[in-house]
Amino acid sequence: MSEKFYITTAIAYASRKPHIGNTYEIVLTDAIARYKKQRGYDVYFLTGTDEHGQKIQQIAEEQGITPQKYVDKVAGEIRDIWDLMGSDYNKFIRTTDDYHVEAVQKIFKKFYDQGDIYKSEYEGLYCVPCESFFTETQLVDGCCPDCGRKVEKTKEEAYFFKMSKYQDKLMKYIEENPDFIQPESRKKEMINNFLKPGLQDLCVSRTSFTWGIPVTFDDKHVIYVWIDALSNYITALGYSPDQKGELYNKYWPADIHVIGKDILRFHTIYWPIMLMALGEPLPKKVFGHPWLLSGTDKMSKSRGNVLYADELVKRFGVDAIRYYLLCEMPYAQDGTISYENIITRYNTDLANIWGNLVSRTVAMVNKYFGGTLEEPTDADGLDGELKAAAKDAVRGFERNMDGLRIADAIDCAMSLAKRSNKYIDETMPWVLAKDEAKRGRLATVLYNLVESIRITAVMLSSVMPGTSKSIFEQISATETGWDSILEFGKTQAGSKMGEAAPLFGRIDEKKMMEEIEAELDAKEDKKVPEENLVSIDDFAKLDIRAGKVLESKYVEGSDKLLVSKIDVGEKVLQVVSGIAKSYKPEEFVGKTVAVICNLKPVKLRGVLSEGMILAASDKKTINVLEAGDAAPGTKIS
RNA sequence: CGCGGGGUAGAGCAGUUUGGUAGCUCGUCGGGCUCAUAACCCGGAGGUCAUGUGGUUCAAAUCCCAUCCCCGCAACCA
């Protein structure tokens, strides 16, 4: 019986359609899972969606539908994208599934019964309009980072999990299993930032929203995200505290949880501790993969740099996007994505090196031997180097793949394709073809080429399953298992080649970029007015006036804030604004600027601010809007 | 001095564990070839390896020290 391998992605939060960065994780996990299957493991691959929480409740309310209806829609979209990417998962769990809800409730109850969870009060900085808590460090100038309003110290009844109880045991596990946290650098972060200073108890329930799994013995509370979401890895296998399913007994513990680096803490600290509390074994490995950046920035809607999997797949095909994602991401560093980079990769690696190699080889077999691959009878010293390259490539591919270095593994596979192109130049089949006496040699060269292609395609089939499949068809390969590439020469002689159909047609970069830009422009023209329409009445609520800056100075203890007295006609307002990086107090005085006069006053850094100065700002510079020589108090509209 | 990672050719990266001629991909320049998707193969140019003409050493990108810059984490953010 073959060895089991249980692999999971994090479950995707069903608040909106995932972008290509979110999609990376499923592709990465799928490639590892496929590779393990090739290597003969009995693989179980789990993915799914996390569907509870305040944010989803809010969005659903805004759209006037039930949260369940909303997550049904988004979970469907997510699943469609996972399928579009060709991911071959065994199960797709949703945290709203009945069996999951029930199991989580039992897990929560068990923790409570055995004294791991206790009821207390959660004290924190709370923003009432946003209904959320923030930490000291999240605040922007002492105010809510979402709405900019003042936060209050508030108490909320909540259940807490006694993390400290299991701390030493966890520390020991991490020490005894040096590979548990990947990559290594993240491990230090976890130990130094959290474990060493001592774990705080984790707040595990909420009363401020209702879209969650209810606590069975206290109906004011819903179970807060982590116990709900993390449990999916075992509930999906049929685990429940009172009954472990067959799948659970077979596959748990997980061999690897593939997750984003941002949630590593939850998977390497809280999740193991939960499992300890349940008395269950811990996962063997947690891999916090890096992020995919768009240019140099994190992908975000507000930056307008978001790319989606379906758009990219439509343009380049699934396998090209899978290939790009996997080889553009170094092991522990963020990768980048842009249309230009995709096109370059596509043209050089896939079209020129890989696709063209297949195409020229198949074409030669067709041209010189009527499509029949003959027995290799006439070896030459040159062949040895190619065979050695094939061996190195396979060995390197295995080593890197086993170490989760997918990009390096791909590089090993591609190096065999490159070596094969060189082999064609060295052996010059078109010269051999002119000499009837060299027919045996020509047949041997072509055989070696087809064999190298087959080996490369087997390696790359976890990365580009569709492409490998169509190559196998083109070269009529019958041997496609991993064992068949450990030794050179498993291609069946006498097989008949198919038509040489290009696998990846070259892309005209200039033309495609023009197309893309045209499409983007068209989209923007349509979208912007549609999405955020504000009526004139809404606008009229703002009292914007020209105001003359009478005096201005730095807010004590801040290098970003200026506090100014501004004459807005009938009164003088004190306004604090975050413009000190671009304006010195002395050069700000005397300007006539645009001021919102009816803003609810707030305290910033302890200084009262009664209005807001309008300014155009990006990350680096700030340009305050000026009103020329308009008299103070002049209405701006 | 909170913890950690990083600064290597125009761009993106490897090399640092175990010091010993600075390497890969893209781009660029030149050559070769014609089987193939204007593809493929070979060669050249281009680097004070952040800084300190710092320390150790026969020898430092690599080990040690100091400084500067970037990035991640810093506890509930799903």
Check ring-ring contact (aromatic ring centres under 6.0 Å, His included) between [X] and all other residues, then give those that pass, not counting sequence neighbours.
X: A:Tyr24; answer: A:His289
X: A:Phe111; answer: A:Phe161
X: A:Phe180; answer: A:Tyr173
X: A:Phe397; answer: A:Trp482

For residues 222-235 of chain A, which residue pairs qualify under side chain to side chain donor-acceptor pair (under 3.5 Å), counting only residues two or more places apart or in two chains? A:His52-A:Asp228, A:His100-A:Asp228, A:His100-A:Thr235, A:Tyr233-A:His267
N/O donor-acceptor pairs under 3.5 Å from side chains in residues 504-511 of chain A, not counting sequence neighbours:
{"residue": "A:Arg506", "atom": "NH1", "partner": "A:Asn352", "partner atom": "OD1", "Å": "2.7"}
{"residue": "A:Asp508", "atom": "OD1", "partner": "A:Lys510", "partner atom": "N", "Å": "3.2"}
{"residue": "A:Asp508", "atom": "OD1", "partner": "A:Lys511", "partner atom": "N", "Å": "3.3"}

Got a donor-acceptor contact below 3.5 angstrom from the A:Gln167 side chain to the A:Leu199 backbone? yes
For A:Thr491, does its backbone N or O pair with a side-chain atom of A:Glu451 as donor and acceptor, under 3.5 Å? yes
Pairs flagged by salt bridge (charged side-chain N to carboxylate O under 4.0 Å, His left out) wherever residues 347-357 of chain A is involved - sequence neighbours left out: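 Sorted result for residues 347-357 of chain A: A:Arg345-A:Asp349.
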Enumerate all atom pairs, one protein N or O and one N or O from nucleotides 36-39 of chain B, separated by less than 3.5 Å.
{"residue": "B:rA36", "atom": "O2'", "partner": "A:Asn356", "partner atom": "OD1", "Å": "2.4"}
{"residue": "B:rA36", "atom": "O2'", "partner": "A:Ser359", "partner atom": "OG", "Å": "3.3"}
{"residue": "B:rA36", "atom": "N1", "partner": "A:Arg360", "partner atom": "NH2", "Å": "3.3"}
{"residue": "B:rA36", "atom": "N3", "partner": "A:Asn356", "partner atom": "ND2", "Å": "3.3"}
{"residue": "B:rA36", "atom": "N3", "partner": "A:Arg360", "partner atom": "NE", "Å": "3.0"}
{"residue": "B:rU37", "atom": "O2", "partner": "A:Phe504", "partner atom": "O", "Å": "3.4"}
{"residue": "B:rU37", "atom": "O2", "partner": "A:Arg506", "partner atom": "N", "Å": "3.3"}
{"residue": "B:rU37", "atom": "N3", "partner": "A:Phe504", "partner atom": "O", "Å": "2.7"}
{"residue": "B:rU37", "atom": "O4", "partner": "A:Gly355", "partner atom": "O", "Å": "3.2"}
{"residue": "B:rU37", "atom": "O4", "partner": "A:Asn356", "partner atom": "N", "Å": "3.4"}
{"residue": "B:rU37", "atom": "O4", "partner": "A:Leu503", "partner atom": "N", "Å": "3.4"}
{"residue": "B:rA39", "atom": "OP1", "partner": "A:Arg506", "partner atom": "NH2", "Å": "3.0"}
{"residue": "B:rA39", "atom": "O2'", "partner": "A:Asn356", "partner atom": "ND2", "Å": "2.4"}

At a cut-off of 3.5 Å, list every protein nitrogen or oxygen paired with a nitrogen or oxygen from nucleotides 2-4 of chain B, distance to 0.1 Å.
{"residue": "B:rG2", "atom": "N2", "partner": "A:Asn193", "partner atom": "OD1", "Å": "2.9"}
{"residue": "B:rC3", "atom": "O2'", "partner": "A:Asn192", "partner atom": "ND2", "Å": "2.7"}

It should be established whether A:Lys261 places a side-chain nitrogen or oxygen under 4.0 Å from OP1 or OP2 of nucleotide B:rC73.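 Looking at the OP1 and OP2 atoms of B:rC73, neither is under 4.0 Å from any side-chain N or O of A:Lys261.
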Return the polar atom pairs (N/O with N/O) between nucleotides 9-15 of chain B and the protein under 3.5 Å, or none.
{"residue": "B:rA14", "atom": "OP1", "partner": "A:Gln333", "partner atom": "OE1", "Å": "3.4"}

Taking CE from A:Met163 and C1' from B:rA75, how many angstroms apart are they, rounded to a whole number?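 After rounding, the gap between these two atoms is 11 Å.
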Listed by chain and number, what are the salt bridge (Lys or Arg N to Asp or Glu O under 4.0 Å) partners of A:Arg315, not counting sequence neighbours? A:Glu515, A:Glu519
Whenever both distances are under 3.5 Å in a Watson-Crick or G-U wobble pair, mark it; put RNA chain B into dot-bracket that way, with [ ] for crossing pairs and | when the partner is on another strand. .(((((((.[[[[.)....(..]]]].(((((.......))))).....[[[.[[..)....]]]]])))))).....
